[in-house]
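Heads up: the structure comes next, in structure tokens.
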Amino acid sequence: MVAVRKYVRTISGFRSVNITEHEENRGLANSIISGVSALCEVVGRVIVLEDDLVTSPYFLSFMNAGLERYAEDRRVASVLGYSLPLRIALPETYFVRGADCYGGATWRRAWDLFEVDGQMLLNELERTGLSETLDMRGALAFTQMLRDQIVGRNHSWAVRWHVSMFLRNMLTLTPGRSLI
């Protein structure tokens with residue numbers, strides 16, 4: 001942990017760098033949730049990168065342009081830097097339902113709709129019958145991932161973020177070529 005604390009003090013190239021430290025490791029999910037909440041409260045928007053992502057030189061430009069362009073569009077929950085490596089031609093940008101965690105950005109207005117209680121989300125999925133749609137008819141396993149989060153098999157903040165926005169029929173702006 002000392003090496004990480006030392007390293008973050010060397011980060012430069014930004015207008016400012018604010019470092020928040022805690023005595024104990026709070027875990028990824030708790031750290032992301034509290035950090036995004038705090039930044040949204042103060043700044044109104046946030047760009048989130050986990051420590052294992054490598055970005056394109058165009059990543060921040062795309063994030064900031066998306067944040068500006070869709071700031072007032074309540075249908076849009078977030079901007080994503082990652083795009084699946086599909087073998088079909090994609091448009092320059094496109095929208096997907098829900099939200100994701102592979103290098104993204106959001107606004108306070110969307111983050112305020114984030115439900116941290118996985119059981120509440122699962123109950124709503126079951127009530128609305130949207131699990132099959134969420135899981136793209138079995139191609140993905142978001143519902144199982146949510147169930148696993150509820151019982152403590154994972155601590156994913158991302159599945160709760162995705163399902164929260166999916167249930168509200170909100171969209172994520174995605175690049176046609178991955179920037180992650």
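Throughout, numbering of the chain's residues begins at 1 and tracks the sequence. Computed from a prediction, not measured in an experiment: that's the story for all the values here.
- The hydrophobic cluster containing Val43 does not contain Val17, counting ILVMFWY residues as joined when their side-chain heavy atoms lie under 4.5 angstrom apart, directly or transitively.
- Residues Leu173 and Leu113 are members of separate hydrophobic clusters, defined by side-chain heavy-atom contacts under 4.5 angstrom among Ile, Leu, Val, Met, Phe, Trp and Tyr.
- By the 4.0 Å N-to-carboxylate-O rule, Arg168 lies too far from Glu124 to be salt-bridged with it.
- Judged by distance alone, with hydrogens and angles left aside, the side-chain atoms of Arg109 form a donor-acceptor pair with the main-chain N or O of Ala71 at under 3.5 Å.
- Taking CG of Leu121 as the reference point, atom OG of Ser164 lies at 4.5 Å (rounded to 0.5 Å).
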For this session: Using the side-chain contact (heavy atoms from CB on, under 4.5 Å) rule, take Ile32 and Val48 through it: C-alpha gap first, then chi angles, then the decisive distance, then the call.
Result: CA-CA 8 Å; Ile32 295 282; Val48 180; 4.0 Å; yes

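- Pairing each heavy atom of Met165 with each of Ala99, the nearest pair is CG-CB, 3.8 Å.
- What you find for Gln149 and Gly118 is that their closest heavy atoms are OE1-CA, 3.6 Å.
- One finds the OG1 atom of Thr174 at 9.5 Å from the CG atom of Leu90 (value rounded to the nearest 0.5 Å).
- Of all the heavy atoms in Arg9 and Arg5, the pair that sits closest is NH1-O, 2.9 Å.
- In the displayed structure, Tyr82 atom OH is contacted under 6.0 Å by more than 12 heavy atoms of other residues, nucleotides or ligands.
- Using a 4.5 Å heavy-atom threshold, the side chains of Asn18 and Thr20 count as separate.
- Phe95 CZ: more than 12 foreign heavy atoms inside a 6.0 Å radius.
- A donor-acceptor contact closer than 3.5 angstrom links the side chains of Thr172 and Ser78.
- A donor-acceptor pair is defined here as one N or O able to donate and one able to accept, closer than 3.5 Å; such a pair exists between the side chain of Asn25 and the backbone of Gly27.
- In the displayed structure, Arg177 atom CZ is contacted under 6.0 Å by at most 12 heavy atoms of other residues, nucleotides or ligands.
- When all heavy atoms of Gly66 and Val79 are compared, the pair lying nearest together is C-CG2, 3.8 Å.
- Among residue pairs with one or both ends in residues 53-68, those qualifying as salt bridge (charged side-chain N to carboxylate O under 4.0 Å, His left out) are Arg45-Glu68; sequence neighbours excluded.
- Interatomic distance, OG1 of Thr55 versus CG of Leu179, reported as 8.5 Å (0.5 Å rounding).
- Among all heavy-atom pairs drawn from His155 and Ala29, the shortest one is O-CB, 2.7 Å.
- Rounding to the nearest 0.5 Å places CZ of Phe62 at 6.0 Å from OG1 of Thr93.
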Exercise. Going through the distances and angles, do Ser37 and Phe114 end up as a side-chain contact (heavy atoms from CB on, under 4.5 Å)?
Worked result: CA-CA 10 Å; Ser37 297; Phe114 173 53; 5.9 Å; no

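- For the pair Arg160 and Glu115, the salt-bridge criterion is not met [side-chain N within less than 4.0 Å of a carboxylate O].
- Hydrophobic clustering keeps Val116 apart from Met145 (ILVMFWY residues linked when any side-chain heavy atoms are closer than 4.5 Å, directly or through intermediates).
- Taken together through direct or relayed side-chain contacts under 4.5 Å among Ile, Leu, Val, Met, Phe, Trp and Tyr, Trp161 and Val46 form part of one hydrophobic cluster.
- Around the CD atom of Glu72, the shell of radius 6.0 Å holds no more than 12 heavy atoms that belong to other residues, nucleotides or ligands.
- If you chain together hydrophobic residues whose side chains sit under 4.5 Å apart, Leu134 and Met136 fall into the same group.
- The line from CZ of Arg153 to CD1 of Ile150 is 10.5 Å long, rounded to the nearest 0.5 Å.
- Closest approach of Ile180 and Gly103 over heavy atoms only: CD1-CA, 4.1 Å.
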For this session: Start with the C-alpha gap between Tyr7 and Thr10, add the side-chain angles, then the distance that decides, and say whether side-chain contact (heavy atoms from CB on, under 4.5 Å) holds.
Result: CA-CA 5 Å; Tyr7 169 73; Thr10 69; 3.7 Å; yes

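- The aromatic rings of His162 and Phe142 lie tilted to each other, with the angle between the two planes from 30° to 60°.
- Between Trp157 atom CH2 and Leu28 atom CG the span is 8.0 Å, to the nearest 0.5 Å.
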